[in-house]
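Data block below; observations after.
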Amino acid sequence: QVHVVESGGGLVQAGGSLRLSCAASGRTVSTYSMGWFRQAPGKEREFVAVIRSDGSTRYADLAKGRFTISRDNAKNTVYLQMYSVRPEDTAIYYCAAARSMWPRINEYDYWGQGTQVTVSS
């Protein structure tokens, strides 16, 4: 069982930066792939980035060059550093854990409650 809790969301001006954190609990969290997703009002949840247990990463096009995912296994924490944010980045951001190496969205086993990010223009 893995419990995931996101934090760090808030209101930020366009062009600013924000760092989201995802604290995970569980004996084998370090072996999980950890992903970030987001869901804007009226839209489907979409993939943002994922980091494997070995530190390998993948990003959605929306995140490339602006967002960085990282993890600190000693703290069982995953981060999403967001730079140059835009109003269209406004969404609830979710962290999730999966056993698969490069998991599809339906392969994530554990999800957090999300943290709201609002970008003002």
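Since we're looking at a predicted model, the values are computed, not measured.
S33 places a side-chain N or O within 3.5 Å of a backbone atom of S100 that can act as its donor or acceptor partner. The main-chain N or O of S84 is found under 3.5 Å from a side-chain atom of R66 such that the two form a donor-acceptor pair. Between the side chain of S30 and the backbone N or O of T28, no donor-acceptor pair lies under 3.5 Å.
Considering CZ of R58 and CD1 of I51, their distance stands at 13.0 Å, rounded to 0.5 Å. To the nearest 0.5 Å, atoms CZ (F37) and CD (E46) are separated by 10.0 Å. Going from atom CZ of R71 over to atom SG of C22 covers 9.5 Å, rounded to the nearest 0.5 Å. To the nearest 0.5 Å, the span separating CD on Q1 from OG on S25 amounts to 8.5 Å. With rounding to the nearest 0.5 Å, the separation of CZ in R99 from OG1 in T31 is 8.5 Å. Between the OG1 atom of T77 and the CE atom of M34 there is a distance of 9.0 Å, given to the nearest 0.5 Å.
Residue pairs that meet the side-chain hydrogen bond (donor to acceptor under 3.5 Å, both in side chains) test with at least one member in residues 6-22, sequence neighbours left out, do not exist here.
Below 30°, between 30° and 60°, or above 60°: for Y94 and W111 the angle between ring planes is above 60°, a perpendicular geometry.
Hydrophobic clustering, defined by side-chain heavy atoms of Ile, Leu, Val, Met, Phe, Trp and Tyr closer than 4.5 Å, leaves Y79 isolated from every other such residue.
Here the closest heavy-atom approach between residue V119 and residue T90 is recorded as N-OG1, 2.9 Å. Across all their heavy atoms, V50 and P103 have their closest contact at CG2-CD, 4.3 Å. Nearest heavy atom pair, residue Y108 against residue A96, reads CD2-CB, 3.4 Å. Closest non-hydrogen pair, T115 versus G9, comes out as OG1-N, 3.1 Å. Contact record, K43 with Q39: O-NE2, 3.1 Å, taken as the closest heavy-atom pair. Scanning both residues, A97 and V2, for their nearest heavy atoms gives CB-CG1, 4.2 Å.
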**Prompt:** Are C95 and Y110 close enough, and set up right, to give a side-chain contact (heavy atoms from CB on, under 4.5 Å), and what steps lead you there?
**Reply:** CA-CA 8 Å; C95 180; Y110 306 101; over 6 Å; no
**Message:** The test is ring pair (Phe, Tyr, Trp, His ring centres under 6.0 Å); show your working for Y59 and F47 and say whether it passes.
**Reply:** CA-CA 8 Å; Y59 295 89; F47 167 74; 8.3 Å; no
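Residue V85 is not grouped with residue L11 when hydrophobic side chains (ILVMFWY) are merged at heavy-atom distances under 4.5 angstrom, including chains of intermediate members. By the criterion of side-chain heavy atoms lying less than 4.5 angstrom apart, applied directly or through intervening Ile, Leu, Val, Met, Phe, Trp or Tyr residues, L80 is not grouped with I92; the two fall into different hydrophobic clusters.
Looking at heavy atoms from C-beta onward, V117 lies in side-chain contact with M82 at the 4.5 angstrom threshold. Contact of the T118 side chain with the V12 side chain is not registered, since no non-hydrogen atoms from C-beta on lie closer than 4.5 Å.
Donor-acceptor pairing under 3.5 Å is recorded for the side chains of R38 and Y93.
R86 and D89 are not joined by a salt bridge, as no carboxylate oxygen comes within less than 4.0 angstrom of a charged side-chain nitrogen.
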